[in-house]
Amino acid sequence: MRASLTGIGIRLITGSALALGLVLAAGADQRFITIGTGGVTGVYYPTGQNICRLVNRDQDTHGMRCNAESTGGSVFNLNSIANGEMDFGVAQSDWQHHAYHGTDRFAEQGANRQLRAVFSLHPEPFTVVVRPDSGIEAFEDIVGKRVNVGNPGSGQRGTVERLMAEYGWSMDDFALASELPSREQGQALCDNRIDVILFTVGHPSAAIQEPIATCGAEIIPVSGPVVDGLVDDTPYYFRARLPAGMYPGQDEDVQTFGVGATLVTSTGTSDSAVYHLTRAVFENFSTFKGMHPAFAVLEPADMISQGLSAPIHEGALRYYREAGMIRD
Ligand code: GLU
């Protein structure tokens with residue numbers, strides 16, 4: 001439990017240490033830091049776990065303990081950071097952009113000008129997985145089918161809604177629009193409860209591997225003029241490709257579009273906490289890169305320049321300057 005002061009009194013929030021709120025209130029350095037991730041079969045969860053592993057290795061130097069929690073995904077993490085319930089979170093680049101600018105599904109709550117970027121991570125292609133007996137060959141064929149559109153706090157749910165708006169579809173165009181969290185969707189596909197999984201995720205991931213291995217599920221491409229328009233009109237969507245051989249039986253490249261995973265925090269997180277987390281990742285970069293196959297493509301120069309709509313946190317900037325990664 002962590003106490004946080006709001007305008008009207010003390011609010012108790014579960015999931016973190018009570019001591020943390022008190023230490024923060026006293027203005028001292030943070031002792032516990034939390035990273036919001038995603039479902040346990042995705043890539044966000046191992047990403048948070050791996051970052052914490054590196055931070056905790058240096059605990060004697062900085063005195064901080066890092067903990068990564070499984071959550072509903074990007075939008076949940078951005079909201080938790082805005083509410084002061086979490087210190088860091090992994091979030092898709094499109095939702096980082098909308099949260100900072102107060103647009104799209106963040107229009108109602110308004111711009112979060114306290115949101116800060118730390119670095120970007122792996123690419124997340126928009127991945128469409130179908131049952132082999134579903135008769136779906138092109139993305140347009142998902143109309144009339146049973147589709148998992150994702151839980152409301154997930155990043156893919158928002159991306160699905162944005163794509164559907166571009167196609168002029170509504171949820172009523174599907175025979176079923178289920179809201180299963182990512183860890184449950186593979187099983188549901190193989191149990192014949194849904195025909196289609198839509199997931200924005202790094203590769204390889206257990207969430208995609210599982211239905212392919214268990215019931216011969218297939219990945220289909222997402223391309224054409226609608227996707228071209230989306231990519232051309234926005235700074236946070238880009239063309240993406242799943243190289244042949246990423247998963248068993250996938251013999252050809254699969255074209256789609258994607259976003260980038262990013263690590264975000266808030267001005268309310270201390271410079272020292274952000275500095276030490278950033279330092280732990282980049283001082284041990286080859287170890288970090290080897291911690292998950294989706295990290296194989298990571299390059300430090302890209303990680304501090306791409307997919308970051310919110311300003312970079314002062315604590316991270318301090319490390320980037322010190323390490324000569326940024327000069328100003
Ligand atoms: N991109 C997904 C989201 O924002 C999560 C992917 C993952 O768990 O790796 O909710």
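Counting starts at 1 for both ligands and their atoms, following the listed order. Residue numbers start at 1 and run along the sequence shown.
Both the sub-6.0 Å distance and the 45° axial angle are not jointly satisfied by Arg146 relative to the ring of Phe174.
Ring planes of Phe282 and Phe285: parallel class, angle under 30° (limits at 30 and 60°). Between Phe139 and Tyr167, the two ring planes are tilted [angle within 30° to 60°].
Evaluation of the ring pair (Phe, Tyr, Trp, His ring centres under 6.0 Å) test over residues 45-89, restricted to residues two or more places apart or in two chains, returns His62-His276.
Looking at Tyr275 and Glu322, their side chains do bring a donor and an acceptor atom within 3.5 Å of each other. Between the side chains of Asp87 and Thr269, no donor-acceptor pair of N or O atoms lies under 3.5 Å.
Contacts of ligand 1 (protein heavy-atom distance under 4.0 Å) are Gly42, Val43, Tyr44, Gly73, Ser74, Gln92, Glu124, Ser154, Gly155, Gln156, Phe199, Thr200, Val201.
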